[in-house]
Amino acid sequence: MNRQQLLDYTAQLLQVESFKDYCPNGLQVQGRADIKKIVTGVTASMALLKAAQSVNADAILVHHGYFWRNENPCLVGIKQQRLKFLLENDLNLIAYHLPLDAHAELGNNIQLAHQLGITLETWSGSPAMIACGTLSKPMLLSDFCAHITFKLNRAPLLLGDTKKIAKRIAWCTGAAQNYFEDAIALGVDVFISGEVSEQTYHLAQESGVAYIACGHHATERYGIQALGEHLAKKFALAHTFIDIDNPV
């Protein structure tokens with residue numbers, strides 16, 4: 001299919017223009033115009049670029065692309081090497097950040113809920129990035145962490161009492177520790193995110209709301225997969241998700 005057709009459809013699907021983001025959403029590096037095979041992955045690392053080229057992809061769709069706000073704009077070092085590889089191999093790099101986090105069907109937040117068995121009830125924040133819902137059956141935090149480990153194949157960090165009962169959950173994937181106080185105000189038992197900061201421990205202790213850091217990468221593997229599967233089905237494209245493991 002034509003690259004611009006794919007970009008136009010995806011921008012409308014994810015309502016890209018509704019977000020003020022930290023990076024450009026959509027086409028970041030232009031490659032060949034005709035797209036038959038897409039590879040999806042979390043982050044546009046060199047490992048992902050090489051893996052995509054090895055399976056003859058025409059476009060790489062990621063959640064974490066390039067050209068972040070306040071970064072050095074000079075094309076040197078690792079940035080130069082990545083861009084050189086994309087251009088030499090005529091590969092398109094397409095990235096969707098906040099629009100992919102927030103999408104009500106394909107986004108990272110809702111896809112994580114599907115993985116963990118959380119029923120979504122409401123969204124909070126502006127934009128609405130904090131999801132809130134309930135577990136179908138209350139469980140001890142120790143059991144909930146074991147459940148997370150099984151589902152995400154990664155042991156989370158729990159800040160809270162393992163004997164506390166978890167029922168009402170708020171969550172936001174990735175680096176959302178700054179949303180913890182907003183989640184506390186929602187009256188939840190637990191807040192789930194990917195990363196954690198030093199002050200998060202004290203907030204958890206003083207509020208009584210548990211904090212579970214499940215890994216930035218681990219919580220954001222599912223939205224980009226869902227997007228890739230949707231586009232492949234919609235436009236009869238070949239699609240491969242490539243998971244470049246990251247312990248963070």
Side-chain angles (χ1 to χ4, degrees), residues 1-17 19 21-103 106-108 111 173-174 216-248:
M1 68 176 302
N2 178 269
R3 178 185 60 233
Q4 194 58 50
Q5 182 186 3
L6 180 69
L7 292 170
D8 289 345
Y9 173 82
T10 310
Q12 183 177 11
L13 174 69
L14 299 181
Q15 299 181 325
V16 166
E17 295 301 322
F19 293 84
D21 213 333
Y22 313 104
C23 62
N25 286 288
L27 184 64
Q28 293 191 340
V29 180
Q30 181 176 310
R32 60 186 68 104
D34 187 42
I35 296 177
K36 298 177 181 177
K37 182 167 187 176
I38 57 175
V39 157
T40 56
V42 178
T43 299
S45 63
M46 182 61 87
L48 180 64
L49 305 188
K50 289 182 175 179
Q53 192 274 334
S54 73
V55 296
N56 300 312
D58 301 302
I60 306 169
L61 275 68
V62 296
H63 182 50
H64 301 138
Y66 304 153
F67 312 115
W68 297 90
R69 183 192 304 165
N70 297 326
E71 75 173 20
N72 185 347
C74 298
L75 303 183
V76 298
I78 289 174
K79 181 185 289 187
Q80 183 270 346
Q81 293 166 24
R82 291 173 172 177
L83 293 172
K84 183 173 183 284
F85 185 88
L86 287 164
L87 293 169
E88 286 181 344
N89 288 282
D90 205 18
L91 282 166
N92 295 283
L93 178 66
I94 304 169
Y96 297 101
H97 187 231
L98 293 183
L100 185 60
D101 286 322
H103 194 268
L106 304 175
N108 284 320
Q111 291 296 319
T173 65
H216 195 137
H217 176 87
T219 58
E220 296 196 327
R221 287 179 296 196
Y222 305 104
I224 199 68
Q225 288 184 68
L227 177 61
E229 290 166 4
H230 174 87
L231 295 174
K233 184 177 180 180
K234 175 76 175 178
F235 296 109
L237 299 169
H239 167 236
T240 301
F241 171 71
I242 298 177
D243 190 17
I244 304 298
D245 191 38
N246 186 333
V248 177

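Position 1 is the first residue of the sequence, and the numbers go up from there.
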Discussion item. With side chain to side chain contact (heavy atoms under 4.5 Å, CB included) as the criterion, how do D58 and L237 come out once you've worked through the C-alpha distance, each side chain's angles and the decisive distance to 0.1 Å?
Written reply: CA-CA 10 Å; D58 301 302; L237 299 169; over 6 Å; no
Rounded to the nearest 0.5 Å, how far apart are [atom1] of [X] and [atom2] of [Y]?
X: Q53; Y: M46; atom1: CD; atom2: CE; result: 11.0 Å
X: N108; Y: L98; atom1: CG; atom2: CG; result: 10.5 Å
X: F241; Y: R221; atom1: CZ; atom2: CZ; result: 7.0 Å
X: N246; Y: H216; atom1: CG; atom2: NE2; result: 9.0 Å
X: K50; Y: L91; atom1: NZ; atom2: CG; result: 13.0 Å
X: L6; Y: N92; atom1: CG; atom2: CG; result: 9.0 Å

Can you name the nearest heavy-atom pair linking [X] to [Y], along with the distance?
X: R82; Y: L49; result: O-CD1, 3.7 Å
X: A57; Y: V39; result: CB-CG2, 3.7 Å
X: G65; Y: A44; result: CA-CB, 4.5 Å
X: C74; Y: K79; result: O-CD, 3.7 Å

Would you find a donor on one side and an acceptor on the other, under 3.5 Å apart, between the side chain of [X] and the backbone of [Y]?
X: E71; Y: F67; result: yes
X: N25; Y: H97; result: yes
X: T219; Y: G174; result: yes
X: R3; Y: A59; result: no
X: R32; Y: N89; result: yes
X: T10; Y: L7; result: no

Worksheet item: Considering residues, nucleotides and ligands other than Q80, do more than 12 of their heavy atoms fall under 6.0 Å from its CD?
Response: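 Buried by this count: over 12 neighbours within 6.0 Å.
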Discussion item. Is it true that, when you exclude Y22 itself, more than 12 heavy atoms of the residues, nucleotides or ligands shown sit nearer than 6.0 Å to its OH?
Written reply: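 Open.
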Practice prompt. Report the C-alpha distance between Y66 and L86 in whole Å, list the side-chain angles of each, state the deciding distance to 0.1 Å, and finish with yes or no for side chain to side chain contact (heavy atoms under 4.5 Å, CB included).
Written response: CA-CA 12 Å; Y66 304 153; L86 287 164; 3.9 Å; yes
Worksheet item: Which pairs pass salt bridge (charged side-chain N to carboxylate O under 4.0 Å, His left out) with one or both residues in residues 232-242, sequence neighbours excluded?
Response: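 Not a single pair qualifies under salt bridge (charged side-chain N to carboxylate O under 4.0 Å, His left out).
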Worksheet entry | Aromatic ring pairing H230/Y9, orientation class (parallel under 30°, perpendicular over 60°, tilted between) |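 Correct class here is parallel.
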Worksheet item: Is there a side-chain contact between L227 and T40, using heavy atoms and a 4.5 Å cut-off?
Response: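 They are not in side-chain contact.
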Discussion item. Is there a side chain to side chain contact (heavy atoms under 4.5 Å, CB included) between L75 and K84? Walk through the geometry before answering.
Written reply: CA-CA 10 Å; L75 303 183; K84 183 173 183 284; over 6 Å; no
Practice prompt. Go through the side-chain N and O atoms of H217 and D243 and say whether any donor and acceptor fall under 3.5 Å apart.
Written response: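 Per modelled atom types, H217 and D243 side chains form a pair under 3.5 Å.
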Fill in: All side chain to side chain donor-acceptor pair (under 3.5 Å) counterparts of E17, not counting sequence neighbours
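E17 satisfies side chain to side chain donor-acceptor pair (under 3.5 Å) with no residue once adjacent residues are dropped.
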Item to complete: Have a look at V62 and tell me which of T43, I94, V42, L48 forms a side chain to side chain contact (heavy atoms under 4.5 Å, CB included) with it.
Response: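 Answer to the side chain to side chain contact (heavy atoms under 4.5 Å, CB included) test with V62 among T43, I94, V42, L48: L48.
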Fill in: Working for side chain to side chain contact (heavy atoms under 4.5 Å, CB included), residues L83 and V29
CA-CA 8 Å; L83 293 172; V29 180; 3.5 Å; yes
